[in-house]
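Below is one structure, written out as structure tokens; comments come after it.
Numbers here are sequence positions counted from 1.
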Amino acid sequence: MGSREIKSPEDMLETPASLEEDRRSRKKLGMFFIESDNRRTAFGRGYTGGTTPVDIHGKPIADLSKTGGWIAALFIFGNEMAERMAYFGLSVNMVTFMFYVMHRPFSSSSNAVNNFLGISQVSSVLGGFLADAYLGRYWTIAIFTTIYLAGLIGITLCASMKIFVPNQDQCDQLSLLLGSCEPAKPWQMLYLYVVLYLTAFGAAGIRPCVSSFGADQFDERSKDYKTLLDRFFNFFYLCVTIGAIVAFTLVVYIQIERGWGAAFGSLAIAMGVSNMLFFAGTPLYRHRLPGGSPLTRVAQVLVAAFKKQHVPFTRSELVGLYELPGRHSAIKGSGKIPHTDDFRCLDKAALQLKEDGGNPSPWRLCTVTQVEEVKILIKLIPIPACTIMLNIILTEFITLSIQQAYTLNTHIGKLKLPVTCMPVFPGLSIFLILCLYYSIFVPVSRRITGHPHGASQLQRVGIGLFISILSVAWGGVFERFRRGYAIKHGYEFTFLTPMPDLSAYWLLIQYCLIGIAEVFSIVGLLEFLYEEAPDAMKSIGSAYAAIAGGLGCFAASIINSIVKSVTRNPENKQQSWLSQNINNAKFDYFYWLLTVLSIINFCFFLYSAHRYKYRTEQTFEAWETKQNILAEDS
């Protein structure tokens with residue numbers, strides 16, 4: 001294969017006399033190819049690039065000063081802003097559209113939208129796979145953003161043409177409550193679901209690539225790289241927030257004034273304009289070459305490790321751990337990754353035996369870098385998994401809080417705020433926090449933690465998860481008060497009639513808290529996954545965050561279904577906690593259930609974060625091990 005082996009020390013050929021000697025020999029086995037990894041810079045500054053940035057034609061960029069940087073990132077920000085505007089515009093308006101126009105019950109409408117949100121995020125792994133394996137991030141965004149636009153146009157046609165919606169005659173509010181309006185025909189719902197999930201498919205390709213592609217625009221060799229990356233992800237999420245604010249205000253206003261067709265049409269126009277801006281920035285972008293199928297490499301490691309599962313590390317025929325010579329790895333788009341002692345069973349895939357020969361199959365022998373890629377992907381899983389609970393809360397707030405707001409007074413003086421605008425307040429709190437982040441939070445927290453950025457990535461995720469517990473707990477407290485007030489004042493059976501003396505702005509407390517939680521957790525998670533993911537798997541790493549969001553949406557639907565089934569008793573005429581009549585339901589019990597689950601999840605996160613070691617820490621430990629062993633041998 002045009003490579004040489006990484007030889008193990010001479011005493012590796014002898015059977016250790018004790019467990020301590022075996023442990024020492026294993027460390028020796030992994031230290032030898034650190035010498036060939038020149039990607040490592042001064043410890044604490046992270047990894048430098050594994051590849052040279054290229055242009056759209058795949059050729060190295062001669063003058064990096066003419067490409068990338070904040071100017072290129074601005075074009076990418078525009079695409080993400082429009083995508084988030086469409087995503088949130090659909091998430092907040094589609095429930096209402098299905099209820100008032102398609103005549104679907106609130107519960108089934110909410111589940112349909114939750115499934116849409118879940119599919120658009122869970123299937124992000126497909127976009128990440130295509131970007132890392134074959135297309136690259138630019139072409140993946142270009143293709144899927146076009147698909148996204150096609151789906152939005154289809155939804156606009158559905159809302160604009162009478163043929164796609166049921167008859168609206170003689171369908172007033174009472175008929176809606178009684179469920180006596182003409183239901184949508186099966187083919188009408190089929191068309192709506194097709195175009196809706198087409199947009200979900202488009203979003204799935206964009207989401208894991210945009211943040212990674214934006215981060216690719218900064219020079220990893222720059223001494224300010226860590227600071228630039230930190231600021232990039234904060235500004236990136238600021239664009240996400242601006243898109244959400246526009247969706248919750250301007251799009252809702254257009255819907256009220258001009259109708260559903262104009263509202264969904266505005267989303268399509270915004271996406272079309274952002275696509276043009278994205279393509280206009282093409283000459284400025286820096287690209288990374290796709291490194292081949294990451295799933296194939298993962299499968300090769302698992303198969304090779306399984307084949308050699310019974311081979312001991314001290315076998316006499318052992319040559320050593322296999323790696324290519326020099327500074328380049330066998331994986332296009334990736335530098336070498338130092339060996340670690342985690343998941344030792346996977347190291348069997350890199351054990352080179354004399355019987356492997358000079359040209360072994362990659363399904364029998366893998367490089368150390370390939371094995372370490374798989375280890376990293378496994379070690380990353382618990383962190384984004386802990387944010388699933390946060391995404392469950394976010395999903396529940398989008399739907400349940402709107403039902404709460406329908407029973408409350410949404411006036412600000414003489415101005416009446418539409419109920420569907422209520423989710424704008426988490427966005428406003430996110431916008432405010434991001435604007436004040438570097439001027440207030442970072443200086444204050446830096447004095448407490450001593451961290452140059454105020455808090456590490458995992459600390460920020462933990463802060464967000466803790467604040468989300470406070471948010472959902474307050475939601476339970478307020479809902480108990482709101483329901484008691486409704487029953488006391490005779491609103492028990494008129495759940496769509498607002499109570500004039502109870503303001504909807506009590507919901508702002510839980511909205512603002514969940515907005516703050518989202519800033520810390522999601523921004524910290526995105527930065528964490530980008531930095532910790534292997535060079536040739538950055539999009540897959542970013543897809544972890546989207547998958548967690550999608551699983552949160554699906555889990556929300558599952559929890560809703562379980563709670564409805566368990567808490568409903570038709571024989572005693574007992575309605576479920578999540579009854580459509582919110583004034584007879586027990587939303588407060590449901591919020592407290594989420595609070596308990598969030599506390600359990602937070603404890604698991606603390607355990608996982610305590611055990612996790614950043615890649616820079618592991619590199620430093622490997623370097624120390626090498627120095628100690630060399631000192632002992634001398």
Partner residues of Thr67 under the side chain to side chain donor-acceptor pair (under 3.5 Å) criterion, sequence neighbours left out: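 Once residues adjacent in sequence are excluded, the partners of Thr67 under the side chain to side chain donor-acceptor pair (under 3.5 Å) criterion are Arg286.
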Please enumerate all residues that pass side chain to side chain donor-acceptor pair (under 3.5 Å) together with Thr296, with sequence neighbours excluded.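 Scan of Thr296 (side chain to side chain donor-acceptor pair (under 3.5 Å), adjacent residues dropped) gives Ser293.
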Flag side-chain contact, heavy atom, 4.5 Å: [X] against [Y]:
{"X": "Leu529", "Y": "Glu531", "result": "no"}
{"X": "Lys379", "Y": "Phe343", "result": "yes"}
{"X": "Asp347", "Y": "Lys375", "result": "yes"}
{"X": "Phe77", "Y": "Val210", "result": "no"}
{"X": "Tyr530", "Y": "Asp216", "result": "yes"}
{"X": "Ile383", "Y": "Gln457", "result": "no"}
{"X": "Leu90", "Y": "Leu152", "result": "yes"}
{"X": "Gln217", "Y": "Ile76", "result": "yes"}

For the side chain of [X] and the backbone of [Y], is there at least one donor-acceptor N/O pair under 3.5 Å apart?
{"X": "Ser212", "Y": "Cys209", "value": "no"}
{"X": "Gln459", "Y": "Ser456", "value": "yes"}
{"X": "Gln370", "Y": "Arg297", "value": "yes"}
{"X": "Lys348", "Y": "Gln309", "value": "yes"}
{"X": "Gln352", "Y": "Leu365", "value": "no"}
{"X": "Thr282", "Y": "Phe279", "value": "yes"}

Minimum heavy-atom distance between [X] and [Y], given as atom pair plus value:
{"X": "Ala304", "Y": "Cys366", "answer": "CB-SG, 4.0 Å"}
{"X": "Ala131", "Y": "Pro290", "answer": "O-CB, 3.8 Å"}
{"X": "Leu196", "Y": "Phe116", "answer": "O-CE1, 3.4 Å"}
{"X": "Ile337", "Y": "Pro534", "answer": "CD1-CB, 4.4 Å"}
{"X": "Phe233", "Y": "Ser211", "answer": "CE2-CB, 4.0 Å"}
{"X": "Ala349", "Y": "Ala305", "answer": "CB-N, 3.7 Å"}

Of all residues at least two apart in sequence or in a different chain, which pass the side chain to side chain contact (heavy atoms under 4.5 Å, CB included) check with Val374?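 If we apply the side chain to side chain contact (heavy atoms under 4.5 Å, CB included) test to Val374, skipping adjacent residues, the hits are Val298, Val301, Leu346, Ile378.
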Results of side chain to side chain contact (heavy atoms under 4.5 Å, CB included) for Leu126 - residues two or more places apart only: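 Side chain to side chain contact (heavy atoms under 4.5 Å, CB included) list for Leu126, sorted by chain: Leu130, Phe201.
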Could you note down all residue pairs passing salt bridge (charged side-chain N to carboxylate O under 4.0 Å, His left out) where residues 451-463 supplies at least one of them, sequence neighbours left out?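 Passing the test, one end in residues 451-463: Asp230-Arg460, Arg460-Glu527.
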With a 6.0 Å cut-off (strictly less than), is the heavy-atom count around [atom1] of [X], excluding the residue itself, greater than 12?
{"X": "Tyr607", "atom1": "OH", "answer": "no"}
{"X": "Phe466", "atom1": "CZ", "answer": "no"}
{"X": "Trp139", "atom1": "CH2", "answer": "no"}
{"X": "Ile71", "atom1": "CD1", "answer": "no"}

Would you call the rings of [X] and [Y] parallel, tilted or perpendicular if under 30° counts as parallel and over 60° as perpendicular?
{"X": "Phe218", "Y": "Trp70", "result": "perpendicular"}
{"X": "Phe278", "Y": "Tyr138", "result": "parallel"}
{"X": "Tyr614", "Y": "Tyr612", "result": "perpendicular"}

Can you list the steps and then say if Leu377 with Glu373 is a side chain to side chain contact (heavy atoms under 4.5 Å, CB included)? CA-CA 6 Å; Leu377 290 180; Glu373 279 189 330; 5.7 Å; no
ring-ring contact (aromatic ring centres under 6.0 Å, His included) partners for [X], two or more places apart:
{"X": "Tyr544", "answer": "none"}
{"X": "Phe129", "answer": "Tyr134"}
{"X": "Phe554", "answer": "none"}
{"X": "Phe213", "answer": "Tyr285, His287"}

Would Asp342 and Lys613 satisfy salt bridge (Lys or Arg N to Asp or Glu O under 4.0 Å), going step by step from the backbone distance to the final call? CA-CA 11 Å; Asp342 301 312; Lys613 291 183 179 180; over 6 Å; no
Kindly list each side-chain donor-acceptor pair under 3.5 angstrom involving residues 384-395, sequence neighbours excluded, with atom names and distances?
residue, atom, partner, partner atom, Å
Thr387, OG1, Pro384, O, 2.6
Asn391, ND2, Thr387, O, 2.8
Thr395, OG1, Asn391, O, 2.8

Report the residues that fulfil salt bridge (charged side-chain N to carboxylate O under 4.0 Å, His left out) with Arg207, sequence neighbours left out, ordered by chain and then residue number. Glu83
Once salt bridge (charged side-chain N to carboxylate O under 4.0 Å, His left out) is applied, do any residues pair with Lys308, and if so which ones, sequence neighbours excluded?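 Per chain and number, Lys308 pairs via salt bridge (charged side-chain N to carboxylate O under 4.0 Å, His left out) with Asp356.
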Take Glu80 and Val240 through the side chain to side chain contact (heavy atoms under 4.5 Å, CB included) test and state the conclusion after the steps. CA-CA 7 Å; Glu80 178 62 13; Val240 171; 3.5 Å; yes
Yes or no on side chain to side chain contact (heavy atoms under 4.5 Å, CB included) for Asn79 and Ile206, after CA distance, side-chain angles and deciding distance? CA-CA 9 Å; Asn79 184 266; Ile206 299 172; 3.9 Å; yes
Does a side chain donor of either Tyr87 or Thr199 reach within less than 3.5 Å of an acceptor in the other side chain?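 On atom types as modelled, these side chains do not qualify, holding no pair under 3.5 Å.
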I'd like to know whether Val461 forms a side chain to side chain contact (heavy atoms under 4.5 Å, CB included) with Phe520, so could you lay out the CA-CA distance, the side-chain angles of the two residues, the decisive distance to 0.1 Å, and finally the verdict. CA-CA 6 Å; Val461 174; Phe520 282 99; over 6 Å; no
